[in-house]
Structures are given as C-alpha cells and as structure tokens.
Amino acid sequence: MDHKYVDELDLIDQYLMDRLTPEESESLEDHFVDCAKCIDRLKTTQNFLQDLQSVTVGQLLQTGDYAPRTLRGLLLQAYSSKSFGKTWALAFTCLLLIGIVGTILVVRQIKHSNLEVTEAKSASARLTDLYEEERQSGLLSDEKHQETEQELTEQIRELEARLKSERKPGTSTSTETDEWMQPRVNLSIFVLNSVRGDETPESVNEVSLPQTPVGFVLSLPLPGEVEHRDYRATLSDGDRTLWKKSGLKLNRYNALSIGFNSRFFQSGRYLLIVEGTNKGGSSTFISNYPFRIIKDSLK
Amino acid sequence: MTKERKEIELNELVGSIIAGDSHAEETVVRCYKEGISIIIGRIVQNQSATEDISQETFRIALEKIRLGDVREPERLSGFICGVARNLARDYARRMRRLTNREEIGKAEQIADSAPSQLERVYQKERAELIRQALNELTVKRDREIIFRYYLAQEDKGQICADLGLTRKQFSRVIFRALSRYKELLVRFQGRL
C-alpha cells in the first residue's frame, strides 16, 4: 500500500468511518504509522468528525443546510431534536393505533367472510335439497305419465277391439234406423222359451233367418211377472255381452219384445237374460232365454 | 521517501539499536509515537490508557530489537503496529471483563468515561470551530457534501451522482473544508 493508493480511495476517511475490513485497516495502519502526511490528514479528519458530531444536528438543520436522506440521517435528526421524546412517542402511538385499527379491521373482515361462507354453504345445501326434491318429483311425474299413457293406450286398444267386435254382427245404426222407417211385411216374430234358475233347457230356441238382412222380433214372455218396476235384458254370445238395455217395460201380454236386424247376428248360440229392477235399484234374476241363430244358405 | 531509501534507513536504525545506540531508540519512538497512539486510541477509546499502552509498546518493541528478534528491519513498522494492536486488544478484553457485574469488586479500576467540566468547555469551544469552518463554506452545496459524507456517512459515489459532481470536485470541497478547519484548530490550540 502506498500513499497514492490511500489518497485515491479515500482510505483515511473510510478508516475513520469504520468502513474498512480488519485486514484493510491493519494494512493502512502499517502504512500511516510512519507517514507524516497520512497522520496529519488522519488527525485533522478525526478531530473534524468528533467536532462535527458534537454539534447538535438540530442546530445544523436550523440553518436549512442539511436535509437527511438516509435512515441514519433521519434517526440522527430525530434523536438530536429537542422534542425527541415527544416525536418518538407520537410516532409510536401512531403506529400502535394503526396496528390496532388494522387488526380490528382484519378481524372484522375475517368474521364477515366466515359468515358469508356459512350462509353460502346453507344456501347451497338448501338449493341441493330443493333440486333433489324436484328431481324426485320429476321422476315420479314421468313414471305416472308413462303409466297413464299405457293405461290410455290399453283403453284405446280395448275400445277399438270392442268397437270392432260390436260392429261385426250388425249394421250401422243409421242404416238400421232407415230400415225401420219403412213398413215391414211378414215381420218374423220369434217367441223364446225361458229357462229359469237351475233349470237346464230342454231345447234351444231356434231362430232361422235368411242371408239377406231382415228385421225380426224376439218375444220374451214373462207370465205372472208383476213385481218389478222395470226390467233389464242382456244379450250375450256366451263369451261376451253384445247388448244390454235397462228400464224395459212389459207389454200388455206380459212379455218383452225386442226388435233386431239380422245383420246383428251370425249363425250361432246366444243367450238373453232378463232381470227385474227392484225399487232400491238392485236387480233380481228372472229368466234365461237361450236361442240359436240359423242363417239360411244362399240359394 | 522512496521505498528503498526507507528500507536502508530502517536497516541502519535497527542495527544502531542492536549496537546500543539510544539516539536510534529515540528516533524510533519519535517516528512512530503519533501513529501508534492513533492505532491504540481507536481500540481502547481512553486517553490515559492509550498513553500507557503506547509506552508499553515501545518498551517491548525496543527490547526485542535489542535482542535481535526483529529479523526483517524493513518490516519494522508492521512489527511495532502488531505489538501495539495486541497490547490494546488485551487491554480492551480486560476492561470488558472488569465491567462485568460479577467482578464489581474491581469497579474502582474502571475509568469514568464521562467528560469533566473542563473537557466539556473545551469541547464546546471546539464545536465553535466547526460552525465557523462550515459557515465559511459559502456554497450551500459544499455544506451539504460535508453533512452527507461525514455526518450521514453516505456513499461518496451516490453524493457525486446526486449533485452532479466529479470525484475530483468532491475531494476539493472536502479538502477545502478540512484545511480551513485545521487552520482554525491550530489557531485555537495555539491560544490554549
């Protein structure tokens, strides 16, 4: 280390301000210990520093010459100020207040956030339950709808089948009505023998009809029958009910006369059941009238 | 003094001391006294202790030179500095132990570091020298340089950058302030 090096790097100032490493300090000491020039500079600067620091910073600030720019400078300014204690107390109080207020705000915010989270969770749970209920309800509705649809389809099928079967033996009503508007010549009247209760028929009433459509009457005698308000007649082919009529009244011969068109029947066995309607609305079996339709073959 | 000339002189000095020349010993003390005091003072931070340790330093150093233990006379400066540093650090370590409460019995050995009344007056008058020296720096910027560099201990490069100065300009301001201060100080010390 030589003198030029010391001057260029301001090592004397660095040494006095404790900015050199221990090794650098020792190296500088080894140089200046017998260097009059360095010792002179060192002593002057050392005294200058001591005296500069002994003058209060506040007094220097009053001249407006010094505005602290570093933390050390600000601390020096605050420390040397006459109101040092007050300044620090005020600063500490402000920091404390800021800290307290900040903590309170943070705690409130956390509480508020927790409340919002709880409410959101409850709302979510409610919505989930509601959705589940609606979903279940929807499923049930779908099932019911399907069942109803099936039932309706079944009913329609039955009705169609029934309509089909009811149309088979007979003609349309409008045609029948037209026919009955015309005078009938040699209208056939068949008196049917009855079979009561457990009796077995000795013979089945035979009704012979031509192939061509004709009207005819089936007479059902009910001798001595005066007890019932009115009567009900049911026509079946043994499997199914083909015709039923209630509220029938006996004629003056104590018989029921029922007119048919031959198109209503096909060749085969049929059964007419007569029931009497009681005053209470209930019905009582009176008699069976089994008969067989025989249609002549075409000549 | 050139390095070679210095080495020759040191060799001669050491040789003279070995030979028993007391003038050579005085020369050594005279040359190194101030520097050694500065080195010791930085460590012990005590004026009277600095003087004591300085004396002890030269006693030990001269004894070793006489005995021929200084085998490299060109490194005499480093040798004396080393002796001074070791003695100063030993003293500082002892002082730290003594200030421990467990050894309160030796409290009377601890010197009172507070300045005396006389010293306070002296410091006050010295402070006036500073104010006067600073007031003579008519340019506000120059005063700012002094405050920022020595008081706030800001970086020289940063100050130059902030104020738009070269390092030479900076050094000139420092030199001017210190020179004027030194003049005032010499005048003040002359009045004492």
Side-chain angles (χ1 to χ4, degrees), chain A residues 1-3 7-10 12-20 22 25-57 59-77 80, chain B residues 1 3 6 10 28 31-39 41-42 75-82 84-85 123-124 126-131 133-135 137 140-144 146-156 158-159 162 167 170-171 174-175 177-179 181-182 185-186 189:
Chain A
M1 191 178 284
D2 60 11
H3 199 76
D7 271 348
E8 275 179 5
L9 297 181
D10 298 318
I12 300 290
D13 294 344
Q14 304 298 315
Y15 175 78
L16 289 172
M17 289 193 279
D18 292 322
R19 286 184 175 177
L20 298 179
S25 294
E26 285 183 14
S27 192
L28 179 63
E29 285 166 355
D30 291 347
H31 164 75
F32 76 61
V33 74
D34 62 352
C35 177
K37 208 174 173 184
C38 283
I39 288 176
D40 186 59
R41 170 70 190 263
L42 217 155
K43 285 173 72 174
T44 304
T45 308
Q46 194 172 44
N47 288 328
F48 184 84
L49 276 173
Q50 285 172 358
D51 293 344
L52 187 66
Q53 286 165 0
S54 69
V55 175
T56 61
V57 173
Q59 289 169 335
L60 289 172
L61 287 171
Q62 282 171 8
T63 65
D65 293 331
Y66 178 52
R69 293 162 194 264
T70 62
L71 181 60
R72 178 191 154 88
L74 286 166
L75 288 173
L76 279 173
Q77 177 184 6
S80 64
Chain B
M1 182 188 291
K3 188 178 175 188
K6 187 172 178 182
L10 287 172
V28 166
C31 281
Y32 292 104
K33 186 179 177 187
E34 276 198 283
I36 292 300
S37 291
I38 292 171
I39 293 167
R42 279 196 84 230
R75 296 171 68 87
L76 181 64
S77 302
F79 167 72
I80 296 175
C81 286
R85 279 194 283 263
Q123 282 174 3
K124 194 176 173 186
R126 283 274 294 271
E128 280 305 313
L129 299 177
I130 280 290
R131 289 196 193 88
L134 293 175
N135 286 338
L137 291 172
K140 187 178 174 184
R141 183 201 66 187
D142 294 348
R143 286 198 291 276
E144 185 179 344
I146 299 295
F147 297 152
R148 289 178 66 178
Y149 185 60
Y150 285 118
L151 205 63
Q153 294 191 3
E154 290 182 37
D155 180 63
K156 180 177 174 180
Q158 186 62 50
I159 298 170
D162 289 347
R167 292 182 98 87
F170 180 93
S171 299
I174 298 294
F175 178 78
L178 287 176
S179 299
Y181 169 77
K182 184 183 168 187
L185 186 61
V186 167
Q189 286 170 337

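In this text the structure is predicted, and so the values were computed from the model without any measurement. Naming: A, B, ... by sequence-line order, numbering from 1 per chain.
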Completion exercise
Residues passing the salt bridge (Lys or Arg N to Asp or Glu O under 4.0 Å) test with A:D40, sequence neighbours excluded, are B:K182
Fill in the blank from the handout: In terms of heavy-atom pairs under 4.5 Å with chain B, the winner among A:D13, A:D18, A:I39, A:D7 is A:D13
Completion exercise
Rounding to 0.5 Å, atoms CZ (A:R19) and CD (B:Q153) come to a distance of 5.5 Å
Handout entry: A:L16 side chain reached by B:Y150 side chain, heavy atoms, under 4.5 Å
Key = no
Fill in the blank from the handout: So, the part of B:L76 with a heavy atom under 4.5 Å from chain A: the answer is neither
Completion exercise
Sorted by chain and residue number, the side-chain hydrogen bond (donor to acceptor under 3.5 Å, both in side chains) partners of A:E26 (sequence neighbours excluded) come out as B:R89
Completion exercise
Value for SG (B:C81) from CG (A:L28), rounded to nearest 0.5 Å, stands at 10.0 Å
Exercise for the section: Quick one: pull up CD in A:E29 and CZ in B:R85 and give me the separation to the nearest 0.5 Å. Expected result: 4.5 Å
Exercise for the section: Measure B:Y149 against the heavy atoms of chain A and call it side chain, backbone, both or neither at under 4.5 Å. Expected result: both
Problem - Partner chain A: residue of B:I36, B:I38, B:I174 with the largest heavy-atom pair count (under 4.5 Å) - result: B:I38
Handout entry: Straight-line distance of A:L52 CG to B:I146 CD1, nearest 0.5 Å
Key = 8.0 Å
Completion exercise
Rounded to the nearest 0.5 angstrom, the OG-CZ distance for B:S179 and A:F48 is 10.5 Å
Exercise for the section: Can you tell which part of B:R42 gets under 4.5 Å to a heavy atom of chain A, answering side chain, backbone, both or neither? Expected result: side chain
Handout entry: Minimum side-chain heavy-atom gap B:I80-A:V33 below 4.5 Å
Key = no
Fill in the blank from the handout: Between A:T44 and B:L178, the two heavy atoms sitting closest are CG2-O, 3.8 Å
Problem - Within 6.0 Å of CZ in B:R75, more than 12 heavy atoms from elsewhere - result: no
